[in-house]
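For reference, the structure discussed in these notes is given below.
Each chain gets a letter, A, B and so on, in the order the sequences are listed, and its residues count up from 1. Values below: all heavy atoms of this structure, side chains included; hydrogens, waters and symmetry mates excluded.
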There are 2 protein chains.
Amino acid sequence: MASMKHTITDVAIDLFFKKGYFATSISEIARGCGIRKASIYYHFAGKEELLFTIMQTTMKDLMAGLQAGLAAADNTESRMRAAVRNHIRFHLERQKETFIASSELRGLTPEHLESVVAQRDEYEHIFQNVIGKGMEAGVFACNDAKVISYAILTLCTAGAAWYRPDGRLSADAIAEIYEGFVLRGLKSGGRDTNRPAELVCDPWPI
Amino acid sequence: MASMKHTITDVAIDLFFKKGYFATSISEIARGCGIRKASIYYHFAGKEELLFTIMQTTMKDLMAGLQAGLAAADNTESRMRAAVRNHIRFHLERQKETFIASSELRGLTPEHLESVVAQRDEYEHIFQNVIGKGMEAGVFACNDAKVISYAILTLCTAGAAWYRPDGRLSADAIAEIYEGFVLRGLKSGGRDTNRPAELVCDPWPI
DNA sequence: GTCTATATTTTGATAGAC
DNA sequence: GTCTATCAAAATATAGAC
């Protein structure tokens, strides 16, 4: 059932995750698939195209999860919770691909880099919009939405770097802890809204 | 004043940060220093020793900053604030080195990896101790101190990946936003302490 | 689709002159 | 301390048989 193209992708994901993109050779990927390295070039133009394919698929699926989560939520807080939950869960459940997608951008050609960064920017923009709406509504502490979005996104993204599927806590348990931590951090009413509103409520001026 | 050994280290930090450890060659480092690649080997045993030196120095300085910050604070909250502030500020101000230290561990020999991981574990342990004390005292929401420590540490560490020294916000401004976000996330009294205390107050069982 | 064989380049590292 | 010269190994990628 599994095509060789699929097998190559899976082996590459495994090796790129374990050793890194630059430290992984075409020969190793071929060995993992039980074929010779020349055969790889029948399925992919080269190592970089393999990396690009992995990243593109990952970003597409990540975005789809966000859209689905947001569509099912009807107020600012539940939308934010859905966004955080999707982001952290996706990064734990598809750990290898998400880790590659966030750490191997330097392996892409300029054209492919531009394409993946565009996908990432679109995703971030939606995320920042949810945060910005919450700040405008006073549900979240007024702060710099862009920096806060980076904080939340990278926080979850880094989960792919330390998570162990056979570890003490399940992905669900971690997602619940993270969701609580992030939402508390966002909430207004605390003593830590320590900057004047007119200075920091400026979500997207680059 | 600057010795060649120092110059080599600086050039290597620059290139490892920009291109990654595996994608950087000894020739490139030599070119950046204005010498031939063979001369590098007079100062360092090889590329890996260069990486190890960078990482070791970075971890030592990071630890020194934490110790100094904690020594100047006298209660749980201010100790936590000092720990977070040191961590985020260090990762922004010494962006290149900290980025390398957190993303190029796979480039180390097993012996050197063990050494750096030991330094990192010691650092994490101190950090987790501050969090654990806050939870015991009821100052922080009772939660899994280990996971929360990973959340906070990776959150700040990732700052080295997106920070731009010439960007809209200074390292100080970002540090203040992060400190507020993290402390709010930690505080008890919110509605998000959603797990039984006896289950989650279990800081260090691996 | 996969193979063998090979071209080309580059790598990390060493020897020995100066 | 830095150089020239060189080595051996490994890399990506291609040509052409089957």
Side-chain donor-acceptor pairs under 3.5 Å in residues 10-17 of chain B, sequence neighbours left out?
unit_1 : atom_1 : unit_2 : atom_2 : d
B/D10  : OD2    : B/H6   : NE2    : 3.4
B/D14  : OD1    : B/K96  : NZ     : 2.4

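Atom-to-atom, CZ of B/F44 to P of D/dT2 comes out at 12 Å; the value is rounded to the nearest Å. D/dA13 atom P lies 11 Å from atom CD1 of A/I29, rounded to whole Å. Between B/K5 atom NZ and D/dT2 atom P there is a gap of 12 Å when expressed in whole angstrom units. Here D/dT2 presents its C1' atom at 8 Å from NE2 of B/H43, a figure rounded to the nearest Å.
Each ring pair (Phe, Tyr, Trp, His ring centres under 6.0 Å) pair with one or both residues in residues 45-95 of chain A, not counting sequence neighbours, appears once here: A/F52-A/H112, A/H87-A/H91, A/H87-A/Y123, A/H87-A/F127.
A salt bridge links A/E28 with A/K19; the closest basic N to acidic carboxylate O contact falls under 4.0 Å.
For A/V139, the side chain to side chain contact (heavy atoms under 4.5 Å, CB included) criterion is met by A/A137, not counting sequence neighbours. For B/R106, the side chain to side chain contact (heavy atoms under 4.5 Å, CB included) criterion is met by A/F99, A/E104, not counting sequence neighbours. Judged as a side chain to side chain contact (heavy atoms under 4.5 Å, CB included), and not counting sequence neighbours, A/A64 has no contacts.
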Problem set entry | Reading 5' to 3' through nucleotides 3-17 of chain C, protein heavy-atom contacts under 4.0 Å coded B for base, S for sugar-phosphate only, - for none | BB------SBBBB--

